[in-house]
Amino acid sequence: QVQLVESGGGSVQTGGSLRLSCGLSGATDRTYCMGWFRQTPGGEHEGIATIYTGGSRIKYADSVKGRVAISQDSANKTMYLQMNSLKPEDSAMYYCAARTAIYVSMPCSLRPDPYTYWGRGTQVTVSS
């Protein structure tokens, strides 16, 4: 059973930075599409960034492009999200998600639908 555990959230002021981490355990011999999502005030999951663990295909949402960087440590099965120049509107619960992907010909989707496994989230609060 795949488990995802997020960490690294916290409270920062506008313009600050945070680095979120997502550890994957169970079935670590597979390759995955992995992504970071945040919950909107309406309760939906907004895709922020995705990465393919088998080849590092990366995709960013337009709303955060240039301010965030997704990366992975394959050896430790950990995914990261470096967030810079944070704004109050970035405040949300951030979730890590994954789905098994043997091969991908294009960057992994920013839509939450295809993702099977989800962490419990880590809170990010940005004050003005």
* Asked: To the nearest 0.5 Å, what is the distance between OH (Y95) and CH2 (W118)?
  -> 9.0 Å
Please tabulate, one pair per line, all N/O donor-acceptor pairs under 3.5 Å involving side-chain atoms of residues 119-128, not counting sequence neighbours.
| from | atom 1 | to | atom 2 | distance (Å) |
| --- | --- | --- | --- | --- |
| T122 | OG1 | G9 | N | 3.0 |
| Q123 | NE2 | A92 | O | 3.3 |
| S127 | OG | V12 | O | 3.4 |

* Side chain proximity check, R19 to L81, heavy atoms < 4.5 angstrom -> no
* Do V2 and L24 have side chains that get closer than 4.5 Å, going by heavy atoms? -> yes
* How many angstroms lie between SG in C22 and CD1 in I51, if you round to the nearest 0.5 Å? -> 11.5 Å
* Structure fact -> Tested for side chain to side chain contact (heavy atoms under 4.5 Å, CB included) against F37, the lone hit among M93, H45, E46 is H45
* Asked: What distance do I70 atom CD1 and Y60 atom OH have between them, rounded to the nearest 0.5 Å?
  -> 6.5 Å
* **Pairs involving residues 75-91, ordered by first then second residue, that meet side chain to side chain donor-acceptor pair (under 3.5 Å) (sequence neighbours left out)** => S17-N84, R38-D90, R67-D90, D73-N76, Q82-N84
* Asked: So do T31 and Y52 actually touch side chain to side chain, heavy atoms under 4.5 Å?
  -> yes
* Apply salt bridge (charged side-chain N to carboxylate O under 4.0 Å, His left out) to R57 and list each qualifying residue two or more places apart in sequence or on a separate chain. => none
* Asked: At what distance, to the nearest 0.5 angstrom, does CD1 of I58 lie from OG of S71?
  -> 7.5 Å
Using atom types as modelled, flag every donor-acceptor pair under 3.5 Å from a side chain in residues 102-115 to any protein atom, sequence neighbours excluded.
| from | atom 1 | to | atom 2 | distance (Å) |
| --- | --- | --- | --- | --- |
| S109 | OG | R111 | N | 2.9 |
| R111 | NH2 | D113 | OD1 | 3.4 |
| R111 | NH2 | D113 | OD2 | 2.8 |
| Y115 | OH | S109 | O | 2.5 |

* To do: Check whether any side-chain N or O of T53 sits under 3.5 Å from a backbone N or O of Y32 as a donor-acceptor pair, and report yes or no.
  => yes
* Structure fact -> Residues pairing under side chain to side chain donor-acceptor pair (under 3.5 Å) where one sits in residues 4-15, two or more places apart or in two chains, turn out to be none
* Asked: Looking at side-chain heavy atoms only, is the closest gap between Y94 and Q39 below 4.5 Å?
  -> no
* Contact list for residues 53-94, test disulfide bond (SG atoms under 2.5 Å apart), sequence neighbours left out -> none
